[in-house]
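The structure is given below, and queries will be raised subsequently.
The model shown is predicted, which means the values in this text are computed figures rather than measured ones.
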Amino acid sequence: MNIGQLDAAIRAGAIGTILLLAWLLFAARRRVGLPAALFVPLALCLSGFVIGNTPIAALAPAGIVGAIAHTMSGFAVVFLWWFCLSCFDSRFRLKGSVLGVGLAWAAIAAVDRGLLGDALAGKGLSLLLVPLGFAIVAHMVWRLMAERQGDLIQQRHDARIMVAVLLGGMLFIDLAADALFGFAWRPLAFAMTQNAMALAFGLWLAGRLLTVRADELTFGVIAEPPLLAEPAPQPGLRHEEDLHRRLFDLMETDRVFLDPELTFAAFVERMGAPERTVRTLINHELGYDHFRTFLNHYRVAEARRLLGDRNCDDKLITVALDSGFASLASFNRAFRAIEGRTPSDYRTAARQEQPNGTHLAKVGF
């Protein structure tokens, strides 16, 4: 096999694997959710990139196929960014600055590739994508690593470093090459390495989807995990019973969730058990996917108790701080995510339903 045949084989393997995964995820989109919806356009964009990523003229697509591949490849970075965030954060939604930056990238790429006319096509607007791309890579790696300590799902916790290094590194090297040598610089060895990394990414993802479950991308997160219940004695399971009792005491008696500075490491130390054991206990037994989510459910329960008390006229910032939140903004986000309405709306409705001033929310187990 000569170098041209090897290049074609790598590209064909990458495209076939990625498109197969897109078809599988599209079929399972109702169960997988947002990651599946984002992977389909990602697969098309990555395929477009791989199709045209060769310096061998005889193997490069021409005509309308080459034009379509070139256009689609310009949006791969954005969908890869969104896809990774959706896989590693069950609360991720396309909104705010993440959506705005992605749309800015898409707009620049569309203009540069002539989708909005030929006036600015190929005029160097793609240079604006380099600093924007570095910002996207930095944000992706930061989000993956910043959330790692509190991630209660062991597989997802372990995968964060690999994804940050491989995908983040691949994007960083590609952007650095564009910045240093220009977009036309594509020596064969470099292009083949990029295509091989795309193939490796597809094979890794295929291994997860084809050997486990179609909902693996969401890592088994449940929509509304329950609050902790007081453990019942279980003969023959003294160690597990002690762990449940310790967890119950920390949350019910010590009410450690009221400390806004509480970290997972500090919580593990107070549990007096190995980190992996604590992570497994909270995730497998209670269904929480992240330590922050675990704490926020108790903090919101405390906030509901305060907001439903007719004798409590504290401002919302006071309720937030008294419930364990570090800021009003984080309180509002968590409350809306769990209750589906703002704290103010909850307080108004709670007091209308309780004319005698009795408490609506009960913090207990």
Side-chain angles (χ1 to χ4, degrees), residues 91 147 149-153 222-234 239-344 346-347 350-351 354 357-365:
R91 294 158 296 278
E147 299 289 331
Q149 184 192 55
D151 196 335
L152 300 175
I153 301 177
I222 64 177
E224 183 68 18
L227 294 178
L228 188 63
E230 184 171 4
Q234 301 182 54
H239 178 65
E240 289 80 358
E241 184 181 334
D242 289 344
L243 285 176
H244 279 80
R245 171 59 62 180
R246 182 60 182 151
L247 182 61
F248 174 80
D249 288 343
L250 285 175
M251 303 305 293
E252 170 68 9
T253 305
D254 299 341
R255 293 162 61 83
V256 295
F257 59 87
L258 296 179
D259 178 6
E261 303 298 325
L262 181 65
T263 65
F264 183 63
F267 186 81
V268 168
E269 184 177 354
R270 297 191 65 166
M271 279 288 296
E275 178 181 308
R276 182 183 290 264
T277 301
V278 177
R279 182 177 290 115
T280 301
L281 174 64
I282 300 176
N283 174 233
H284 289 187
E285 297 295 328
L286 301 176
Y288 293 97
D289 72 318
H290 199 278
F291 184 61
R292 180 187 61 250
T293 309
F294 174 60
L295 294 181
N296 282 349
H297 272 75
Y298 293 97
R299 290 167 177 166
V300 169
E302 176 68 8
R304 288 198 300 262
R305 184 184 70 80
L306 295 174
L307 292 171
D309 187 350
R310 279 186 174 272
N311 298 319
C312 177
D313 293 320
D314 292 336
K315 295 181 178 180
L316 290 181
I317 181 61
T318 302
V319 173
L321 297 178
D322 289 346
S323 302
F325 290 94
S327 67
L328 181 59
S330 61
F331 170 52
N332 286 329
R333 284 195 301 270
F335 199 94
R336 286 181 66 96
I338 294 174
E339 286 296 318
R341 51 182 166 176
T342 66
S344 297
Y346 181 90
R347 169 181 268 175
R351 294 187 174 182
Q354 295 292 319
T358 56
H359 294 184
L360 276 183
K362 178 180 181 293
V363 178
F365 311 95

Worksheet item: Is it true that R91 and D289 have a side-chain N and a carboxylate O under 4.0 angstrom from each other?
Response: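 Looking at R91 and D289, the cut-off is met.
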Worksheet item: Hey, are the side chains of R279 and V268 touching, using non-hydrogen atoms and a 4.5 Å cut-off?
Response: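 Counting from C-beta outward, R279 and V268 never come under 4.5 Å.
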Worksheet item: Which pairs count as side chain to side chain donor-acceptor pair (under 3.5 Å) when at least one residue sits in residues 259-271, sequence neighbours excluded?
Response: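 Every pair satisfying side chain to side chain donor-acceptor pair (under 3.5 Å) with a residue in residues 259-271: there are none.
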Item to complete: Could you check if a side-chain atom of M251 sits within less than 4.5 angstrom of a side-chain atom of F267, using non-hydrogen atoms only?
Response: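 Heavy-atom side-chain distance check passes, below 4.5 Å.
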Worksheet item: Which of parallel (below 30°), tilted (30 to 60°) and perpendicular (above 60°) describes Y288 and H297?
Response: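 Rings of Y288 and H297: perpendicular, over 60°.
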Worksheet item: Taking the side chain as C-beta and beyond, is there a heavy-atom pair between R246 and D242 under 4.5 Å?
Response: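 No, too far: nothing below the 4.5 Å cut-off.
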Discussion item. Would you call the rings of F325 and F331 parallel, tilted or perpendicular, taking 30° and 60° as the class edges?
Written reply: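 Aromatic pair F325/F331 classed tilted.
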Worksheet entry | L258 side, atom CG; L295 side, atom CG - distance, nearest 0.5 Å |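 L258 atom CG to L295 atom CG measures 10.0 Å (nearest 0.5 Å).
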Worksheet item: Do R305 and E302 meet the salt-bridge criterion of a basic N to acidic O distance under 4.0 Å?
Response: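 Looking at R305 together with E302, the answer is yes, because their closest N to O distance falls below 4.0 Å.
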Worksheet entry | For S327 against A320, the heavy-atom pair lying closest together |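 Of all heavy-atom pairs spanning S327 and A320, the closest is O-CB, 4.2 Å.
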Discussion item. Using side chain to side chain contact (heavy atoms under 4.5 Å, CB included), reason through L243 and L247 one step at a time and then give a plain yes or no.
Written reply: CA-CA 6 Å; L243 285 176; L247 182 61; over 6 Å; no
Fill in: Atom pair CZ/CZ of R255 and R299 - distance to nearest 0.5 Å
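CZ of R299 is found 12.0 Å from CZ of R255.
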Practice prompt. Using the side chain to side chain contact (heavy atoms under 4.5 Å, CB included) rule, take T277 and M271 through it: C-alpha gap first, then chi angles, then the decisive distance, then the call.
Written response: CA-CA 10 Å; T277 301; M271 279 288 296; over 6 Å; no
Worksheet item: Atom OG of S323 and atom CZ of F257: how far apart are they, to the nearest 0.5 Å?
Response: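 S323 OG to F257 CZ: 8.5 Å, rounded to 0.5 Å.
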Discussion item. What's the separation between atom CZ in R336 and atom CD1 in I338, rounded to the nearest 0.5 Å?
Written reply: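 Answer for the CZ-CD1 pair, R336 versus I338, is 13.0 Å.
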Worksheet item: Taking the side chain as C-beta and beyond, is there a heavy-atom pair between F291 and Q149 under 4.5 Å?
Response: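 Not in contact.
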Worksheet entry | Shortest non-hydrogen contact between G308 and A350, atoms and distance |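 Heavy atoms of G308 and A350 come nearest at CA-CB, 3.9 Å.
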Discussion item. If I take atom OH from residue Y346 and atom CG from residue L307, how far apart are they, to the nearest 0.5 angstrom?
Written reply: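 That separation rounds to 7.5 Å.
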Worksheet item: Can you name the nearest heavy-atom pair linking N296 to A334, along with the distance?
Response: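 Heavy atoms of N296 and A334 come nearest at ND2-CB, 3.9 Å.
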Item to complete: Quick one: closest heavy-atom pair of P343 and L316, and the distance?
Response: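 Closest heavy-atom pair between P343 and L316: CB-CD2, 4.0 Å.
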Worksheet item: What pair of heavy atoms forms the shortest contact from R347 to D314, and how long is it?
Response: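 The pair with the smallest heavy-atom distance is NH2-O, 3.0 Å.
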Item to complete: State whether the number of non-hydrogen atoms from other residues, nucleotides or ligands found under 6.0 Å of R276 atom CZ is greater than 12.
Response: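 Open.
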Discussion item. Using 0.5 Å steps for rounding, measure from the CZ atom of R292 to the CG atom of D151.
Written reply: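 Reported to 0.5 Å precision, the distance equals 9.5 Å.
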